[in-house]
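Structure first, commentary second.
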2 protein chains.
Amino acid sequence: MTVIDSTSVISPPVDVCVVAGTEHPRPDGQDRYTISEVAAYTGLSAPTLRWYEEIGLLPDVERSHNGQRRFGNRDLDWLAFVRRLRMTGMPVADMVHFAGLVQRGEDTFGERREILERTRREVVVRMAELQETLAVLDAKIDFYAGAPQASERA
Amino acid sequence: MTVIDSTSVISPPVDVCVVAGTEHPRPDGQDRYTISEVAAYTGLSAPTLRWYEEIGLLPDVERSHNGQRRFGNRDLDWLAFVRRLRMTGMPVADMVHFAGLVQRGEDTFGERREILERTRREVVVRMAELQETLAVLDAKIDFYAGAPQASERA
DNA sequence: CGCTTGCTTCAAGTGCACTTGAAGGTCCTA
DNA sequence: TAGGACCTTCAAGTGCACTTGAAGCAAGCG
C-alpha cells in the first residue's frame, strides 16, 4: 500500500462540527488513505466511495500527483456520519443535499439544524415502533416456545 | 364498494398466534374485505397485495364467486405482522420463507421461534445504533443551534 | 522489460420492492 | 343497453443504491 505523497492544500469547507473523538487509523498529518484503505475501514466498497464522490455525497477528495484519491481523517469522519444518516433511513439524495449545505458554509446552519431535527424526530418514531415490534416478537416467541399453554390462537 | 358474498370455508393453516387484540374494521363473521378496502386499511397498494399473494407472502386468500379476492380479519392480522417484520428490515424473501413455515403448521414452531429470536436480536442492535445516532444528532443540532460557542470545530 | 497490483474513468448491469400498463370480465345504475 | 366502477391477469417498467465490466494508466519487483 503506497501512502503519503501530495502536499497539503487549503482545507475546503467541511462539516465543521466533528463531535466525538472517534479514533482514526492514522493521526492527523499522516492521514492520506487510499481508496482501498478507506473501503477497509468503512466497509463501503471502492466503487461506492467513487460513486459517493461522483454524486456529491463525498466532496473535495484530494488527489495524489498521479490522480489517485487520497482520503483524509475528515473524509472518514464524514463517512461515519453518512453511515449514521443512512441508518436513519435518509435517502442518499437527501444526504447529498445536506452535503451541499455543508459545503456552502455557516450560512446554512439553520437549514442543517432543521434537517437534523426532522431526522431526529423520525428516529424517535422509528425507535418507538421498533419497541412495539419487540413486544410483538416477544409475545410470538413465548407462544412458539411454550406452545400448548400460551395465550391466544386463531 | 361491494362487500360480502361467498360463504365460509374451513380455515387453512394460519399464523395460529394472534397476540394482541388489534381491532378490525368489521367483526369476525362479517370480515370479507375487497382488495381496495384492505389497501385502504393497511396502506399497501392493491397491486402490492396481489404481488404479496403471488409470491406466497399472503397465502390462501379466498375468492368470491366471480373470482375476486375476499380478505378476512386473519389476513389483516397477518399483514400487520408483515408490516412489523418489514420494519425490522427483514427481506421479503425471508418473510415468504416464514409464511411457508406458518403454512406447514406446528411442526415448524421451532424454526419460527429461531427466526423471530434472531430478528429480535437484530432489532435490539438496531435500536442501540439508533440510540447512538440520536446522541450524534443531538450534538450536531446543539452545535448548529448555538453556533459560535459550541464544542469542537474542524 | 515485462508482469502484477492497484488505481483510473465511463457505461452498463443487478437486486429489491414494488408500480404501471394493457386488455378484459362482472356487476350495478340510468 | 350503455356507461362506469371495480375487479382480474400478465408483462413490462420504475427508483433506489449500488455493482460489475471494459479498457487503460502508473509504480514497483524479478
Side-chain angles (χ1 to χ4, degrees), chain A residues 1-6 32-72 75 78-79 81-99 122, chain B residues 1-6 32-72 75 78-79 81-99 122:
Chain A
M1 286 185 184
T2 331
V3 185
I4 310 176
D5 44 37
S6 63
R32 327 298 1 268
Y33 310 102
T34 65
I35 198 164
S36 58
E37 285 174 318
V38 175
Y41 295 137
T42 62
L44 297 166
S45 72
T48 297
L49 291 168
R50 292 193 192 99
W51 178 69
Y52 276 8
E53 189 191 10
E54 184 188 331
I55 64 175
L57 181 53
L58 183 52
D60 300 312
V61 176
E62 283 187 45
R63 299 293 180 129
S64 72
H65 68 91
N66 61 351
Q68 295 190 352
R69 289 170 184 81
R70 289 298 177 256
F71 299 84
D75 298 313
W78 174 249
L79 286 171
F81 183 54
V82 163
R83 185 179 142 272
R84 293 246 163 249
L85 289 183
R86 225 182 5 158
M87 282 187 356
T88 69
M90 183 184 287
V92 165
D94 292 9
M95 295 195 271
V96 169
H97 175 69
F98 191 90
E122 289 165 7
Chain B
M1 285 187 184
T2 332
V3 186
I4 311 176
D5 46 36
S6 65
R32 307 352 314 283
Y33 310 102
T34 64
I35 198 164
S36 56
E37 286 175 316
V38 175
Y41 295 138
T42 62
L44 297 166
S45 72
T48 297
L49 290 168
R50 292 195 192 97
W51 178 68
Y52 276 8
E53 188 190 11
E54 184 188 332
I55 63 176
L57 182 52
L58 182 52
D60 300 313
V61 176
E62 283 188 44
R63 299 293 180 130
S64 71
H65 68 92
N66 62 351
Q68 296 190 351
R69 288 170 184 81
R70 290 296 176 258
F71 299 84
D75 298 313
W78 174 248
L79 286 171
F81 182 54
V82 163
R83 186 179 141 274
R84 293 245 162 249
L85 288 183
R86 225 181 4 156
M87 282 186 358
T88 69
M90 183 184 286
V92 165
D94 291 9
M95 296 195 272
V96 170
H97 174 69
F98 191 90
E122 289 165 7

Please confirm whether the shortest side-chain N or O distance from R69(A) to OP1 or OP2 of dC7(C) is below 4.0 Å.
no
Does a side-chain N or O of T48(A) approach OP1 or OP2 of dC18(D) to a distance below 4.0 Å, or not?
no
For R50(B), report the nucleic acid contact type (base, sugar-phosphate, nothing); a contact means any heavy atom under 4.0 Å.
base
Could you check if a side-chain atom of V92(B) sits within less than 4.5 angstrom of a side-chain atom of W51(B), using non-hydrogen atoms only?
yes
Any side-chain heavy-atom pair of L85(A) and D94(A) under 4.5 Å:
no
Does R70(A) have a side-chain nitrogen or oxygen under 4.0 Å from the phosphate oxygens OP1 or OP2 of dT8(C)?
no
Any H65(B) side-chain N or O less than 4.0 Å from OP1/OP2 of dC27(C)
yes
Presence of R63(B) side-chain N/O under 4.0 Å of dT26(C) phosphate oxygens OP1/OP2
no
Between Y52(A) and dC18(D), does any side-chain N or O lie under 4.0 Å from OP1 or OP2?
yes
Closest to the side chain of V92(B), out of dC27(C), dT9(D), dA17(C), is dA17(C)
T34(B) side chain: which of dT19(D), dC18(C), dC7(D) is closest?
dC7(D)
For the pair R69(A) and R63(A), evaluate side-chain contact (heavy atoms from CB on, under 4.5 Å) and give the outcome as yes or no after the intermediate values.
CA-CA 4 Å; R69(A) 289 170 184 81; R63(A) 299 293 180 129; 3.3 Å; yes
M95(B) atom CE is separated from dA17(C) atom C1', nearest whole Å, by 9 Å
Specify the separation, in whole Å, of atom CD of E62(B) and atom P of dT8(D).
14 Å
State which of dA26(D), dA17(D), dT19(C) makes the closest approach to the side chain of N66(A).
dA26(D)
Taking only the side-chain heavy atoms of R86(B) (C-beta and beyond), determine which of dT8(C), dC18(C), dC7(D) contains the nearest atom.
dC18(C)
Of dT8(C), dT20(C), dT9(D), the nucleotide closest to the side chain of P47(B) is dT20(C)
Given the rule in the side-chain contact (heavy atoms from CB on, under 4.5 Å) test, do Y33(A) and D75(A) qualify, once you have shown the distances and angles that lead to the verdict?
CA-CA 10 Å; Y33(A) 310 102; D75(A) 298 313; over 6 Å; no
Looking only at side-chain atoms of S36(B), point me to the closest of dC18(D), dT8(C), dC7(D).
dC7(D)
With a 4.5 Å limit on heavy-atom distance, are the side chains of F98(B) and F81(B) in contact?
yes
Taking atom P of dC6(D) as reference, at what distance in whole Å does atom CD of E37(B) sit?
11 Å
